[in-house]
S.K.: 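Have a look at the structure that comes next, please.
The analysis underlying the following values was restricted to heavy atoms, covering all of them including side chains, and did not include hydrogens, waters or symmetry mates. Lettering of chains follows the sequences in order, A, B, ..., and the numbering in each one begins at 1.
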Protein chains: 2
Amino acid sequence: MISKGQKTRNTIINAADNLFYQLGYDITSYQEVAQASHLKKANIQYHFSSKTDLLTAVIEHRIEQIRALLEKWSFECDTPYNCLNQFVSMIENNADDLARYGCPMGTLSDELGKSALESQAEARQMFDLFLRWLEARFRAIFPPKQAKDYAQQLMAMAQGASVLSHIYNDPEIIKNHAKMMRKWLKTICKI
Amino acid sequence: MISKGQKTRNTIINAADNLFYQLGYDITSYQEVAQASHLKKANIQYHFSSKTDLLTAVIEHRIEQIRALLEKWSFECDTPYNCLNQFVSMIENNADDLARYGCPMGTLSDELGKSALESQAEARQMFDLFLRWLEARFRAIFPPKQAKDYAQQLMAMAQGASVLSHIYNDPEIIKNHAKMMRKWLKTICKI
DNA sequence: GTCTATAATACGATAGAC
DNA sequence: GTCTATCGTATTATAGAC
């Protein structure tokens, strides 16, 4: 059974998650989180006594979502190549949001990297999860060193595409780069 | 002859430029710009009556710097391939700053893309300049459509490398990706 | 052109009633 | 667990003295 307090907490975390993504962390205030979650500002502050607390909770929530997603992918995809393709599909499917708000992991980590290095270290775990998962898939095909490099390359392509499509507010940029990522995957995986 | 007011203006713009880069635009206050430029806060506000005004001035200043840099490169480099290599060298030479603060163009445009779309359009011009310049160099070797794609690809690689190196605060990531960019340039330019 | 003083508002945070 | 009231401090911005 989930308590009322836990439910409220989750409501707040979801609202903050969206706002941190769509507006940015620094610019988002308790006031706005309160409006978005239909709660009183003081109530938010009761559950998260500092803004950093709220940020930490949002990051942990994202990490859990990523963990669940990667487990699902690991379960669903039969071959390493299909797994890697799944990563590209995710980017493709989120083209509209990526063009409008940028990458949720990249933009948050970039922002925190300038003014909140401690929190950035927490946000970095989102990348760690993806990179380790990608690396494991590449390892099924390539030697360790190469697998690590390829994982980083694929993530860099995704981030580069996200930044450009966000700057030009153009989902097509994501789709073009997704095609190139698929082509690149085919080439190196010799399929 | 440059007036005292113009000199003060330039001092402020330089201070704001650095702070917007190192801390981010939203988080930087008049107070901090005042401290960094050894001026009074009200004096800053006299020259730039709104924060958006100051941002616009900083962006225009950056655009002028980029314009000058690209002209210099166009003048110095003998072949299109050397020009393109110069772009990679810039990234390599700025590895430390890129790892510490991210890409000045990318992080600012990302930030503005979430909460200040009008200013983002101004910031986008920085990318326009680079992309058009790169495209022109590729056009000396490839057909127009291909040249445009390659320019966007090279910029995406640079942005992807910047994001990753910023997230891990690791200049080596920039250097590794710079090597890959050079390799890629050599391959497609058949050198 | 420069700066002081101050307005008006928003912020994060706290103490305490219910 | 919820919410009110409020504190102290930031913020941007203005009006006006020099």
Side-chain angles (χ1 to χ4, degrees), chain A residues 1-59 108 111-112 114-120 122, chain B residues 1-59 108 111-112 114-120 122:
Chain A
M1 179 58 185
I2 192 170
S3 71
K4 190 180 173 186
Q6 270 299 326
K7 203 184 156 191
T8 306
R9 247 185 91 95
N10 289 340
T11 305
I12 297 167
I13 289 173
N14 276 320
D17 192 357
N18 286 330
L19 287 168
F20 290 174
Y21 178 39
Q22 295 173 4
L23 299 178
Y25 168 68
D26 283 326
I27 224 178
T28 299
S29 66
Y30 277 113
Q31 200 73 262
E32 284 163 312
V33 179
Q35 281 177 6
S37 57
H38 304 289
L39 292 165
K40 292 288 161 63
K41 177 181 148 190
N43 198 358
I44 316 274
Q45 291 177 305
Y46 164 69
H47 286 284
F48 301 97
S49 59
S50 81
K51 217 182 150 185
T52 309
D53 277 354
L54 181 51
L55 173 60
T56 300
V58 166
I59 292 173
L108 180 64
E111 187 181 3
L112 299 177
K114 284 180 189 277
S115 55
L117 282 177
E118 322 76 35
S119 299
Q120 196 212 22
E122 296 174 3
Chain B
M1 180 54 186
I2 191 169
S3 70
K4 189 181 174 186
Q6 271 299 326
K7 203 185 158 192
T8 306
R9 248 185 90 94
N10 290 340
T11 305
I12 297 167
I13 289 173
N14 277 319
D17 193 357
N18 286 331
L19 287 169
F20 290 174
Y21 178 40
Q22 296 173 4
L23 298 179
Y25 169 68
D26 284 325
I27 223 178
T28 300
S29 67
Y30 277 112
Q31 199 73 262
E32 283 163 314
V33 179
Q35 282 177 5
S37 59
H38 304 289
L39 292 165
K40 292 287 162 67
K41 177 180 139 189
N43 198 0
I44 316 274
Q45 292 177 304
Y46 163 72
H47 286 284
F48 302 96
S49 58
S50 81
K51 217 183 149 184
T52 309
D53 278 355
L54 181 51
L55 174 60
T56 301
V58 166
I59 291 173
L108 180 63
E111 187 181 3
L112 300 177
K114 284 179 189 277
S115 55
L117 283 177
E118 323 75 38
S119 299
Q120 195 212 23
E122 297 174 1

S.K.: Considering all heavy atoms of both residues, which atom of B:K114 and which atom of A:L23 are nearest to each other, and what is their separation?
M.R.: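 So the two residues come closest at CB-O, 3.7 Å.
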
S.K.: What are the two closest heavy atoms between B:I59 and B:S119, and how far apart are they?
M.R.: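 Closest pair (atom of B:I59, atom of B:S119, distance): CD1-O, 3.9 Å.
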
S.K.: Would one find a side-chain N or O of B:K51 under 4.0 angstrom from OP1 or OP2 of D:dT12?
M.R.: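 Checking D:dT12 against B:K51, a side-chain N or O does come within under 4.0 Å of OP1 or OP2.
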
S.K.: How many angstroms lie between CD1 in B:I27 and CD in B:Q22, if you round to the nearest 0.5 Å?
M.R.: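 Result: 13.0 Å between the selected atoms.
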
S.K.: Take the protein atom CD1 of B:I27 and the nucleotide atom P of D:dA10, then report the distance between them rounded to whole Å.
M.R.: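 For the pair B:I27 CD1 and D:dA10 P, the rounded distance is 14 Å.
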
S.K.: On DNA chain C, check which nucleotide each of B:G5 and B:Q45 is closest to and give me the residue with the more 5' one.
M.R.: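 Nearest-nucleotide comparison on DNA chain C picks B:G5.
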
S.K.: Nearest to the side chain of B:N43 - C:dC3, D:dT12, D:dT4?
M.R.: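 The closest nucleotide is C:dC3.
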
S.K.: What is the distance, to the nearest angstrom, from the CG atom on B:L54 to the P atom on D:dA13?
M.R.: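 Atom-to-atom, B:L54 to D:dA13, this comes out as 10 Å.
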
S.K.: How close or far is atom P of D:dA10 from atom CG of B:D26, stated in whole angstroms?
M.R.: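 Atom-to-atom, B:D26 to D:dA10, this comes out as 19 Å.
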
S.K.: In the structure I gave you, are the side-chain heavy atoms of B:I12 and B:Y30 within less than 4.5 Å of one another anywhere?
M.R.: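 SC-SC contact between B:I12 and B:Y30 ruled out.
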
S.K.: Tell me what B:K41 touches on the nucleic acid: a base, only sugar-phosphate, or nothing, going by heavy atoms under 4.0 Å.
M.R.: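 Base contact.
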
S.K.: Check the phosphate of C:dA13 against A:S49, side-chain N and O only, distance under 4.0 Å to OP1 or OP2. Yes or no?
M.R.: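 Indeed not, no polar side-chain atom of A:S49 lies that close.
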
S.K.: Can you give me the closest heavy-atom contact between B:L39 and B:T8, atom names plus distance?
M.R.: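 What the structure gives for the nearest pair is CD1-CG2, 3.8 Å.
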
S.K.: Is the distance from OP1 or OP2 of D:dT11 to the nearest side-chain N or O of B:Q31 less than 4.0 Å?
M.R.: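 So the side chain of B:Q31 is within the cut-off, an N or O lying under 4.0 Å from OP1 or OP2 of D:dT11.
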
S.K.: So A:K4, base contact, sugar-phosphate only, or nothing? Heavy-atom distance under 4.0 Å.
M.R.: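 Answer is sugar-phosphate: A:K4 comes under 4.0 Å of backbone atoms only.
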
S.K.: Under 4.0 Å from OP1 or OP2 of D:dG1: is there any side-chain N or O of A:Y46 that close?
M.R.: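 Yes, A:Y46 has a side-chain N/O under 4.0 Å of OP1/OP2 on D:dG1.
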
S.K.: Calculate the interatomic distance between A:H38 atom NE2 and D:dT2 atom C1'; express it in whole Å.
M.R.: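 After rounding, the gap between these two atoms is 18 Å.
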
S.K.: Does C:dT2 have OP1 or OP2 sitting under 4.0 Å from an N or O in the side chain of B:T8?
M.R.: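 For C:dT2, OP1 or OP2 has a side-chain N or O of B:T8 closer than 4.0 Å.
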
S.K.: Could you check whether B:T28 gets within reach of a base, just the sugar-phosphate, or nothing at all, counting any heavy atom under 4.0 Å?
M.R.: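 The answer is sugar-phosphate, as B:T28 gets under 4.0 Å only of primed atoms, P, OP1 or OP2.
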
S.K.: Nearest whole angstrom, please: distance from the C1' of C:dT14 to the CG of A:D53.
M.R.: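 To the nearest whole Å, that distance equals 14 Å.
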
S.K.: Can you figure out which of D:dT2, C:dT2, C:dC11 approaches the side chain of A:S29 most closely?
M.R.: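 Nearest to the side chain of A:S29 among the choices is C:dC11.
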
S.K.: Without decimals, in angstroms, what is the distance between A:L39 CG and D:dT4 P?
M.R.: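 Rounded to whole Å, this separation is 12 Å.
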
S.K.: Once you round it to whole Å, what is the distance between C1' of C:dG1 and CD of B:Q6?
M.R.: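 The distance from CD of B:Q6 to C1' of C:dG1 comes to 13 Å, rounded to the nearest Å.
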
S.K.: Cation-pi check for A:Y25 against A:K51: NZ or CZ below 6.0 Å from the six-membered ring centre and within 45 degrees of the axis, yes or no?
M.R.: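 Pair A:K51/A:Y25 counts as cation-pi.
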
S.K.: Tell me whether the OP1 or OP2 atom of C:dC11 has a side-chain N or O from A:Y30 closer than 4.0 Å.
M.R.: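 No.
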
S.K.: For the pair made of CD1 in A:I44 and C1' in C:dC11, what is the distance, rounded to whole Å?
M.R.: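 Those two atoms, CD1 and C1', are 15 Å apart.
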
S.K.: Name the closest nucleotide to the A:A42 side chain, picking from C:dT4, D:dC3, D:dT2.
M.R.: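 In terms of side-chain proximity for A:A42, the closest of C:dT4, D:dC3, D:dT2 is D:dC3.
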
